[in-house]
Amino acid sequence: MTEASIAADNSPSPSAPTPAPASAKEEAVDTVRFLALLAVAVLVFRSFFLSPFNIPSESMQPRLLIGDYLLVNKMAYGYSKYSLPFSVPLIPGRIFPRTPERGDVVVFKAPPTADNDYIKRVIGLPGDSVELRDGIVWLNGQPLPRVPMPDFVIPVTPNMVDAARATGTLPCYAMEFEEVGADGQRQCRYPQFRETLPNGKSYAILDITTIAEDNMPLTVVPDGHLFLMGDNRDRSADSRFPAMENQGIGLVPEENLVGHALVGMFSTDGSASWFNPISWFTAARWDRIGDGF
């Protein structure tokens, strides 16, 4: 067969009918089908692989600030109904379960209602004993080493002001911790320490003042549960407090785990305005993007 005959074989027949153009109804159906499949794909991806979360409070300062947005690894600890939107009870118990490591920063459904997503650091695993003496964490009979660091200084941002207004508090912990920086702007200054777990995991914490929960009797973490704390020890409703809505979480069942904090993907100080596109860029805290855990 010659090249000419190949070309002839591939050319359309003069008598072949021209396909009819798709009707507006068919195009609409195709568009709806595509959008439905896309929605399902996004839902599956967010439920079982990666999902974004935002930080609304100061409980994990200095590591996390109000206005940080994170990607959370949903595969890290297995799956339960809390992995699914609205905690739809389609998964019995936990599948592919894995217990976190001490020091992991985890997202979970907060007891007692399991309605809200919280983020804390894992301190005690099942079988561990946890005690607090004058703010020092004692884990399995040994105090966690703590060394002073330079003060943590953070500008008072619009989203900090909004959060304080919503909770009836101050942007800084108390007026004594607020000052005016060299640039003439308000800022908070807090004592900061580096705490180290037995596995070598080390992280910065804030211990701003003395509170009643700086002392806690020895607690043994039961099987299937975790003892979690916020890095901001004076502004965190964590496992030191009984599980009461908006007051504490108690010992958190592993079934409530949603995922492991993976990386910071965006951060804003809350000063952006929809009507000022330039502010979308000036409000971003670019240096916080890409920080891992």
Side-chain angles (χ1 to χ4, degrees), residues 55-64 77 99-149 152 167 169 172-174 176-177 190-258 261:
I55 303 302
S57 76
E58 299 172 323
S59 71
M60 282 296 291
Q61 284 182 347
R63 177 61 187 87
L64 295 172
Y77 309 121
T99 296
E101 296 181 6
R102 298 187 189 94
D104 282 2
V105 176
V106 299
V107 173
F108 59 97
K109 292 294 184 181
T113 60
D115 290 332
N116 299 312
D117 293 316
Y118 276 28
I119 185 166
K120 304 291 180 193
R121 190 179 298 276
V122 176
I123 300 297
L125 300 179
D128 285 345
S129 66
V130 185
E131 183 180 3
L132 270 86
R133 304 180 192 174
D134 297 325
I136 303 295
V137 178
W138 287 66
L139 184 63
N140 296 323
Q142 298 296 321
L144 297 186
R146 176 194 287 197
V147 296
M149 297 175 64
F152 175 65
T167 56
T169 58
C172 299
Y173 185 83
E176 64 187 280
F177 299 102
Y190 298 132
Q192 184 176 209
F193 304 86
R194 180 160 296 281
E195 187 173 84
T196 304
L197 288 162
N199 61 2
K201 183 76 173 183
S202 181
Y203 44 88
I205 65 168
L206 302 183
D207 195 354
I208 301 168
T209 188
T210 300
I211 61 174
E213 285 70 28
D214 284 344
N215 291 280
M216 185 195 78
L218 186 145
T219 299
V220 176
V221 183
D223 186 46
H225 289 72
L226 303 167
F227 189 97
L228 308 178
M229 296 183 74
D231 291 345
N232 187 342
R233 296 293 162 80
D234 298 306
R235 272 190 162 171
S236 176
D238 51 36
S239 291
R240 295 171 293 173
F241 300 81
M244 299 177 63
E245 190 170 6
N246 299 320
Q247 295 187 44
I249 59 174
L251 297 168
V252 177
E254 292 187 69
E255 181 182 354
N256 288 37
L257 291 172
V258 173

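Atom-to-atom distance recorded for D234:CG and E58:CD is 11.5 Å, nearest 0.5 angstrom. Distance check, rounded to the nearest 0.5 Å: CD of Q61 to OH of Y173 gives 12.5 Å. Between M149 atom CE and L206 atom CG the span is 9.5 Å, to the nearest 0.5 Å. Atom-to-atom distance recorded for L197:CG and I123:CD1 is 5.0 Å, nearest 0.5 angstrom. Distance CD1/I136 to CZ/F193: 8.0 Å, rounded to 0.5 Å. Rounding to the nearest 0.5 Å places CZ of F241 at 9.0 Å from CE of M229.
Closest non-hydrogen pair, G103 versus K201, comes out as O-CE, 3.6 Å. Between T210 and D214, the shortest heavy-atom distance links the atoms CA-OD2, 3.3 Å. Smallest separation of non-hydrogen atoms from P111 and P253: CG-CD, 4.0 Å. For the pair C172 and F177, the tightest heavy-atom approach, listed with the atom from each and the gap, is SG-O, 4.2 Å. The heavy-atom pair separating L132 from E213 by the smallest distance is CD2-O, 3.6 Å. In terms of heavy-atom proximity, I249 sits nearest to A237 at CG2-O, 3.9 Å.
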Would you check, one step at a time, whether the test salt bridge (Lys or Arg N to Asp or Glu O under 4.0 Å) holds for D231 with R121? CA-CA 7 Å; D231 291 345; R121 190 179 298 276; 2.8 Å; yes
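Of the N and O atoms on the side chains of S236 and K120, at least one donor lies less than 3.5 Å from an acceptor on the other residue. No hydrogens or angles considered: nothing links the side chains of S59 and R235 as a donor-acceptor pair under 3.5 Å. Checking E254 against T99 by side-chain atom types alone, a donor-acceptor pair falls below 3.5 Å.
Within the 4.5 Å cutoff, the side chain of L226 has heavy atoms near those of the L257 side chain. Counting heavy atoms from C-beta on, the side chains of F227 and L251 come closer than 4.5 Å. The side-chain heavy atoms of D117 and K109, taken from C-beta on, include a pair separated by under 4.5 Å. By the 4.5 Å heavy-atom criterion applied to side chains, L139 and V130 are counted as neighbours. For the pair R63/Y203, no side-chain contact is recorded, criterion being any heavy-atom separation below 4.5 Å from C-beta on. Between D104 and Y77, some side-chain heavy-atom pair lies under the 4.5 Å cut-off. Residues R240 and I211 are in side-chain contact: their nearest non-hydrogen atoms beyond the backbone lie under 4.5 Å apart.
Salt bridge present: R102 and D128 bring a charged side-chain N and a carboxylate O closer than 4.0 Å.
Below 30°, between 30° and 60°, or above 60°: for Y190 and F152 the angle between ring planes is below 30°, a parallel geometry.
When the shell of 6.0 Å around CE of M244 is examined, it contains 12 or fewer heavy atoms from other residues, nucleotides or ligands. The number of heavy atoms from other shown groups lying within 6.0 Å of CG (D115) is above 12.
The backbone N or O of F108 lies less than 3.5 Å from no partner atom in the side chain of N256, so there is not a single donor-acceptor pair. Of the possible polar contacts, one joining the S239 side chain to the G250 backbone as a donor-acceptor pair under 3.5 Å is found. Formation of a donor-acceptor pair under 3.5 Å by the N215 side chain with backbone atoms of D134 is found in this model.
Applying the side-chain hydrogen bond (donor to acceptor under 3.5 Å, both in side chains) test between D207 and each of R146, R233, Q192 identifies R146 as the sole match. Among I205, I208, D238, L64, the single residue meeting the side-chain contact (heavy atoms from CB on, under 4.5 Å) criterion with N232 is I208.
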